[in-house]
There are 2 protein chains.
Amino acid sequence: MKSRITITDIAKEAGVSTALVSFVMSNKAKGSREYRVRPETEKRVLEVAAKYDYQPNSSARALRSGEYRTIGVVLSDISNKFYAEISRQIENWAFHHDYVVLFGSSDENPKKLSNVMKVFKNKGVDGMIIVPCEGSESAISQMAGSGMPVVLLDRDIPGAEFSSVVLNNFKASVIMTETLVGKGFRKIEMISYKTTLSNIKDRESGYLKAMEGAGLTETRIHRPEYCNYREIEQIVLDAKARNVEALIFTTYNMSLMGRKAFISHGLRVPQDCFFACFNNSDAFDLYEPDILYVKQPIEQFAVEAMTLLVKMINEPESAQSCTKIILQPEVVFSSSEVHV
Amino acid sequence: MKSRITITDIAKEAGVSTALVSFVMSNKAKGSREYRVRPETEKRVLEVAAKYDYQPNSSARALRSGEYRTIGVVLSDISNKFYAEISRQIENWAFHHDYVVLFGSSDENPKKLSNVMKVFKNKGVDGMIIVPCEGSESAISQMAGSGMPVVLLDRDIPGAEFSSVVLNNFKASVIMTETLVGKGFRKIEMISYKTTLSNIKDRESGYLKAMEGAGLTETRIHRPEYCNYREIEQIVLDAKARNVEALIFTTYNMSLMGRKAFISHGLRVPQDCFFACFNNSDAFDLYEPDILYVKQPIEQFAVEAMTLLVKMINEPESAQSCTKIILQPEVVFSSSEVHV
DNA sequence: ATGATGTGATTAATCGTTTTAACATTTGTT
DNA sequence: AACAAATGTTAAAACGATTAATCACATCAT
């Protein structure tokens, strides 16, 4: 039973000290004047390491150096398609940058979010990417305050000093509304919900701003109490009765329920009422080429967030100043393409 | 700048040795005769630990004990809805059992799968849950052979001695086919693809078996070369021309393309041709209450796999014998319910 | 009184790295 | 030639836990 081979084995076989092996393996400052290892020694060590497929023990490394090369990601729900896709991109980035990712879901529950963060911190992560939920500000604040690099994703907490990567939801909403106006619709309403989170609030103000800009004073934002199907259905039916020409749904789940209501009651797009939303779904692509939606730059979300986070990790002084990255939205019509 | 507090701090404050603190914290064999700590001492240690919110450093613990309390999960693609939902359940189970989960995607590429497994092993996981892909047998074999507990999920590799948790795909396919026969269809065909993976092969044999059982000799399994939309579309159109009464799609992606083809060419379900598949989609629920599909027991997948894996981790002797868990399928009609 | 047994707690080695400080050796400068 | 600076390399001390071995003491049967 040959057990795992260690740095000592390599050092012995290469005829050098463990320190040298460590220097070579973690080729810190390689190329700089600081890196002082004779090329032939380096070659010898590398050869031995390769021969035994030596990989430094990450626990030992983490224990000694305090670097984990692990990122914690807390989403509201990883089974939500949007977050699942972001997770995929984050994982991909991490894989290519020698990081490893822990995923957790908050269920939109601040207590759960706080617990998951604690578990991650305790487990040892160098930083966290968080999709904040309603009421999670203090927990996140505490975590960031304890020195943990944190980047908010998708949603920002207005007024709070966190680094974040979010879509320009305001602009997206403006473009979307203007597009609808451009198609000749005048009676446009929005279905949203009561929240303090930035992404939704920005979508609301974008709508109002664009309506005002178009000289349309008749605006309306519905904010159902529980956001369940019955409420959404009621709003849709009511809108139809009042001859609303277009409905904008601000969340993925509500837009799914909205589509269901449309279909159940035979509302056709675009003839009866136009349908616009902020996240695409297979369901829409498949059946309705005339839906307007915001194309989320999934990969960019992941890359920007990870890059920013890693920078904060590596340059603690930069971690103090908070950086807000705002991604450009793209508003498109459902492509009718099936992506597989 | 107060740094992380350690076991030594706790020991000092409680006036005991670090060993004692360790005993108390990891209350091994609590209750058994082995656990020899005076209750009042234990209480004192616990109080001090609570006071400082002490959490043992997991790197140090892992380094010394070899236990990571971390599971590696390698799926084909975490952004695939089915796997995203499984991930959610796995994460949930882990959270409640004090484990943490690393997720990775193989992209159905055995080389990538092998790399991700290596990264996970090197990072330190106690065991892995793997969705194998075509050609990954040797890599998984090697990993399992090196002593790493491994449980296959969703797909099994026929003939290989791996523990696994899979659906009874054969039975699902039989039920599905019988249901279609029961609805009066006789000309039923299947759209599958060339593979060695168990789940697909079982679906094929289930279909053939049920058809034979019903005395229907006219069977046909299509196996498109590249499984792209053009091929699927062609098969669907051809089937329509030949008055095929029902089509069974064996994979999620192909069923999406199939639906697309149905819709593009105005085929209605059930009037023109019936549609059956093995994974539900939002898209189907939303628009077609008459689709037949296999309801995958998502939570059971996760719970069974994790339970089995943890058992293998904790009882190395049991890890030798391979356990195959077969989950019961449920075949249902698209519910027309929107789940949010 | 003696040795055996049981109980509660401690000592110190160990896990596999990283990293600081020091040690040689070579090179460069005057 | 003498000393400084640069270049390679190493010894040894961490990092923060776990755990085998040991110890000190009390209890108890003989």
Side-chain angles (χ1 to χ4, degrees), chain A residues 2-45 48-49 52-70 121-124 126, chain B residues 2-46 48-49 52 54-70 121-124 126:
Chain A
K2 78 169 196 319
S3 81
R4 183 185 236 286
I5 77 141
T6 75
I7 199 173
T8 314
D9 304 324
I10 304 299
K12 211 164 285 173
E13 174 124 354
V16 295
S17 70
T18 63
L20 216 352
V21 177
S22 176
F23 290 152
V24 172
M25 293 312 286
S26 62
N27 52 353
K28 275 234 180 56
K30 182 69 172 282
S32 93
R33 279 169 46 267
E34 290 305 302
Y35 186 79
R36 305 188 310 196
V37 179
R38 205 192 302 163
E40 59 200 74
T41 312
E42 173 183 290
K43 182 155 169 284
R44 192 149 32 94
V45 170
V48 177
Y52 292 99
D53 191 23
Y54 166 68
Q55 298 289 116
N57 177 300
S58 62
S59 298
R61 188 200 284 257
L63 174 58
R64 178 56 231 235
S65 70
E67 204 204 356
Y68 299 93
R69 295 209 75 84
T70 301
K121 174 172 193 182
N122 175 231
K123 180 68 199 177
D126 302 306
Chain B
K2 78 169 196 317
S3 81
R4 186 183 231 287
I5 77 139
T6 74
I7 197 173
T8 315
D9 303 326
I10 303 301
K12 209 163 288 172
E13 174 122 357
V16 296
S17 69
T18 63
L20 219 326
V21 177
S22 177
F23 291 152
V24 172
M25 293 311 287
S26 62
N27 52 351
K28 276 231 180 57
K30 183 69 172 279
S32 92
R33 279 170 44 268
E34 290 304 302
Y35 186 81
R36 303 189 309 200
V37 179
R38 203 191 302 163
E40 61 201 71
T41 312
E42 173 183 290
K43 181 155 168 286
R44 191 150 31 96
V45 170
L46 251 21
V48 177
Y52 292 99
Y54 165 69
Q55 298 289 116
N57 177 302
S58 62
S59 297
R61 188 199 285 254
L63 173 60
R64 176 59 228 240
S65 70
E67 204 204 355
Y68 300 91
R69 295 208 78 80
T70 301
K121 176 172 192 183
N122 174 231
K123 179 69 199 176
D126 302 307

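Excluded from the calculations below are hydrogen atoms, water molecules and symmetry mates; all remaining heavy atoms, backbone and side chain alike, are included. Lettering follows sequence order; numbering is per chain, from 1.
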Just the table, please: protein N/O against nucleotides 8-11 of chain D N/O, every pair under 3.5 Å.
| residue | atom | partner | partner atom | Å |
| --- | --- | --- | --- | --- |
| dG8(D) | N7 | Arg36(A) | NE | 3.3 |
| dG8(D) | N7 | Arg36(A) | NH2 | 3.2 |
| dG8(D) | O6 | Arg36(A) | NH2 | 3.1 |
| dT9(D) | OP1 | Arg38(A) | NH2 | 3.3 |
| dT9(D) | OP1 | Thr41(A) | OG1 | 3.0 |
| dT9(D) | OP2 | Arg38(A) | N | 3.2 |
| dT9(D) | OP2 | Thr41(A) | OG1 | 3.0 |
| dT10(D) | OP2 | Ser17(A) | N | 2.9 |
| dT10(D) | OP2 | Ser17(A) | OG | 3.3 |

* Can you tell me the distance, in whole Å, between the CG atom of Asn57(A) and the C1' atom of dC15(D)? => 13 Å

* Tell me whether the OP1 or OP2 atom of dA17(D) has a side-chain N or O from Tyr68(B) closer than 4.0 Å. => no

* Does Arg64(A) get its side chain close enough to the base of dT18(C), under 3.5 Å, for a donor-acceptor pair? -> yes

* To do: Figure out the CD/P separation between Gln55(B) and dG16(D), and round it to whole Å.
  => 15 Å

* Under 4.0 Å between a side-chain N or O of Ser22(B) and OP1 or OP2 of dT18(D)? -> yes

* Output all residues satisfying salt bridge (charged side-chain N to carboxylate O under 4.0 Å, His left out) with Lys43(B), sequence neighbours left out; order by chain, then residue number. => Glu47(B)

* Structure fact -> Sorted by chain and number, sequence neighbours left out, side chain to side chain donor-acceptor pair (under 3.5 Å) with Arg64(A) holds for none

* **End axis versus end axis in the helix from dA1(C)-dT30(D) to dT30(C)-dA1(D), the angle rounded to 10°, five pairs used at each terminus** => 50°

* To do: State, yes or no, whether a side-chain contact exists between Arg44(A) and Val16(A) at a heavy-atom distance under 4.5 Å.
  => yes

* Asked: With sequence neighbours excluded, what pairs up with Arg61(A) under the side chain to side chain contact (heavy atoms under 4.5 Å, CB included) test?
  -> Ser26(A), Pro56(A), Ser65(A)

* With sequence neighbours excluded, tell me which residues meet side chain to side chain contact (heavy atoms under 4.5 Å, CB included) with Lys121(B). => Met128(B), Met143(B), Ser146(B), Met148(B)

